[in-house]
Amino acid sequence: MSQSTTLPPHRPAGAPPVVREPAHVPIAHVERGGIVEGVHHGSVVVLAADGSVAFQAGDIEAACYPRSALKPVQAVGLLRAGLPPLDDPLLALVAASHSGEEQHLAAARDILALGQLTEDELRNVPDLPYDPAVRDEWIRRGPGPTRLAQNCSGKHAAMLLTCRTRGWDLESYLDPGHPLQREIAAAVEDLTGQGIARVTVDGCGAPLFAVSLHGLTRAAARLATAAPGTGEGRVAHAMRTHPEMVSGSRRDVARLVRAVPGLLAKDGFEGVQIAALPDGRAVGVKIADGGDRARMPVTAAALARCGIDPGVLAPFATAPVIGGGAPVGVLRATETLTQ
């Protein structure tokens, strides 16, 4: 079924961000043998606890696609739309880009089972597990790509369950004009505080809404500071207490959440990362070329500007550059972020 890319109807929100070529700046250096061999451009925003911009580099107001960093906001939208109560591990999977481990597949099956749904009703694209070790074993066993193994299956299972609960059409749940997607779009506009600039299709097939990096980071802070009984608070609690369900047992985001008490964090393809603390301090990162290797060192530098102990962040602040099987350099944030 083809999808419409019609924008959702106007809702009370700030103006949508401007669609333009972002004015990114150098934010990470790849140093080999004492020479800067490569440069990653991008943009970074750090919000203070009162929501003001404490630091910015690059273009934080241009429209951008958050990719999977938007999933926590989409999870709140699903709760507002009528997603039935889920226990914390299942709700964490709704906001996940999971690694395809058995715990993730089992949780996605559990969400589907709550609505007497099957994997055949999912409309995300079939894929292999994201985790390399899990993928290698999967290939060895021979199942091939499946919709359940694809990293967004938790979100899609929850979308179907919400539709089943509300009596909405299941077949067309990915159309931006579907009642479900209109509800999710309303949550995106509410939590980011701005209108949606564009609607396109994400890698998994779901609608993807363009906001600014500033707006995305503002939404992360809204979740991180939310009261426990709210939809925002429920999603934040689930993600904090089950970071391995949001990503995977070997993923850097899960390790970061475990290392920084109270942290809410979510990564996205094309070099996007958000992270927020319970008092509202938050960071947003976009790597211009989509290079994932620069995402975590830049995020660590941004979190250091929030006052996080550099010793806690040290394991995330650099990545080795290898030559001849041994470290000969380092990838790290530029002095613009670290000085």
Side-chain angles (χ1 to χ4, degrees), residues 66-115 117 119 121-124 127 130 147-166 168 170 173-174 178 180-181 183-188 190-191 202-209 219-220 222-224 226 228-248 251 253-254 257 264-269 274 276:
R67 303 301 299 269
S68 287
L70 192 64
K71 281 178 179 172
V73 178
Q74 292 173 304
V76 174
L78 285 166
L79 289 172
R80 293 181 181 183
L83 176 67
L86 302 175
D87 64 23
D88 286 342
L90 298 189
L91 185 55
L93 192 79
V94 175
S97 301
H98 66 72
S99 290
E101 300 169 48
E102 183 51 41
Q103 61 182 336
H104 304 129
L105 306 186
R109 292 189 194 100
D110 287 346
I111 294 171
L112 290 170
L114 289 171
L117 298 156
E119 181 179 354
E121 291 170 286
L122 293 169
R123 290 291 174 265
N124 58 315
D127 202 355
Y130 182 77
R147 297 185 192 277
L148 204 67
Q150 197 267 339
N151 75 89
C152 304
S153 63
K155 177 180 77 174
H156 282 257
M159 287 179 173
L160 282 172
L161 178 56
T162 305
C163 290
R164 173 58 57 85
T165 303
R166 293 292 301 272
W168 291 332
L170 301 180
Y173 78 91
L174 294 183
H178 191 284
L180 175 75
Q181 300 301 337
E183 292 278 358
I184 293 173
V188 171
D190 174 42
L191 293 171
D202 209 341
C204 65
L208 178 62
F209 307 113
R222 290 276 302 275
L223 267 69
T230 62
E232 297 94 315
R234 289 165 58 195
V235 170
H237 176 74
M239 293 177 66
R240 286 173 176 138
T241 53
H242 297 278
E244 74 287 346
M245 295 299 292
V246 180
S247 54
R251 298 268 287 281
V253 180
V257 171
L264 173 76
K266 182 69 186 75
D267 56 339
F269 280 162
I274 52 171

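Source: prediction; values computed, not measured.
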Legend entry - Student check: side-chain heavy atoms of L122 and L112 closer than 4.5 Å: yes
Legend entry - Contacts of A92 that satisfy side chain to side chain contact (heavy atoms under 4.5 Å, CB included) - sequence neighbours left out: A238, H242, M245, V246
Inset, instruction - Scan for side-chain hydrogen bond (donor to acceptor under 3.5 Å, both in side chains) pairs involving residues 156-165, sequence neighbours excluded, and state none if there are none. - result: H156-Y173
Inset, instruction - Could you list the residues that satisfy salt bridge (charged side-chain N to carboxylate O under 4.0 Å, His left out) with R109, not counting sequence neighbours? - result: E102
Inset, instruction - With sequence neighbours excluded, tell me which residues meet side chain to side chain donor-acceptor pair (under 3.5 Å) with D88. - result: H237
Legend entry - Side chains of L174 and M159 in contact at under 4.5 Å (non-hydrogen atoms): yes
Legend entry - Check: R234 and P85 side chains under 4.5 Å, non-hydrogen atoms: yes
Inset, instruction - Might you point out which heavy atoms bring L223 and P72 nearest each other, and give the distance in Å? - result: CD2-CB, 3.6 Å
Inset, instruction - Using the test side chain to side chain donor-acceptor pair (under 3.5 Å), find all partners of S99 that sit at least two apart in sequence or belong to another chain. - result: R251
Legend entry - Nearest non-hydrogen partners of A96 and K266, listed with the distance: C-CE, 4.1 Å
Inset, instruction - Determine yes or no for a side-chain-to-main-chain donor-acceptor pair under 3.5 angstrom, with S153 supplying the side chain and L148 the backbone. - result: yes
Inset, instruction - Taking the side chain as every heavy atom from C-beta outward, state whether L114 and L86 have any pair of such atoms under 4.5 Å apart. - result: yes
Legend entry - Gap between atom SG of C152 and atom CZ of R147 - 0.5 Å precision: 12.5 Å
Legend entry - Which residues share a side chain to side chain donor-acceptor pair (under 3.5 Å) with S247, sequence neighbours left out: none
Inset, instruction - Under the side chain to side chain donor-acceptor pair (under 3.5 Å) rule, collect the residues that match up with Q150, sequence neighbours excluded. - result: N124
Inset, instruction - Please examine the side chains of L161 and L78, heavy atoms only from C-beta on, and report whether any two atoms are closer than 4.5 Å. - result: no
Inset, instruction - Consider only side-chain N and O atoms of S97 and K71, and report whether a donor and an acceptor are under 3.5 Å apart. - result: yes
Legend entry - Side-chain donor/acceptor of K155 to backbone N/O of V94, under 3.5 Å: no
Inset, instruction - Give the minimum heavy-atom separation between A149 and L105, together with the two atoms involved. - result: CA-CD2, 3.8 Å
Inset, instruction - Would you indicate whether the side-chain heavy atoms of L170 and L117 approach each other to under 4.5 Å? - result: yes
Inset, instruction - Quick one: closest heavy-atom pair of D190 and R80, and the distance? - result: OD2-NH1, 2.8 Å
Legend entry - Spacing of CH2 belonging to W168 relative to CD belonging to E183, to within rounding of 0.5 Å: 5.0 Å
Legend entry - Summary of ring-ring contact (aromatic ring centres under 6.0 Å, His included) pairs that have at least one residue in residues 67-102, sequence neighbours excluded: H98-H104
Legend entry - Partner set under salt bridge (charged side-chain N to carboxylate O under 4.0 Å, His left out) for E101, not counting sequence neighbours: none
Inset, instruction - For residues A81 and R166, report the shortest heavy-atom separation together with the two atoms involved. - result: O-NH1, 2.6 Å
Inset, instruction - Measure across A220 and A276 and return the closest heavy-atom pair with its distance rounded to 0.1 Å. - result: O-CB, 3.6 Å
Legend entry - Residues which pass side chain to side chain contact (heavy atoms under 4.5 Å, CB included) with D202, listed by chain and number, not counting sequence neighbours: R67, C204, L208
Inset, instruction - Apply salt bridge (charged side-chain N to carboxylate O under 4.0 Å, His left out) to R240 and list each qualifying residue two or more places apart in sequence or on a separate chain. - result: none
Legend entry - Spatial distance of atom CG (L191) from atom CZ (R222) [nearest 0.5 Å]: 5.0 Å
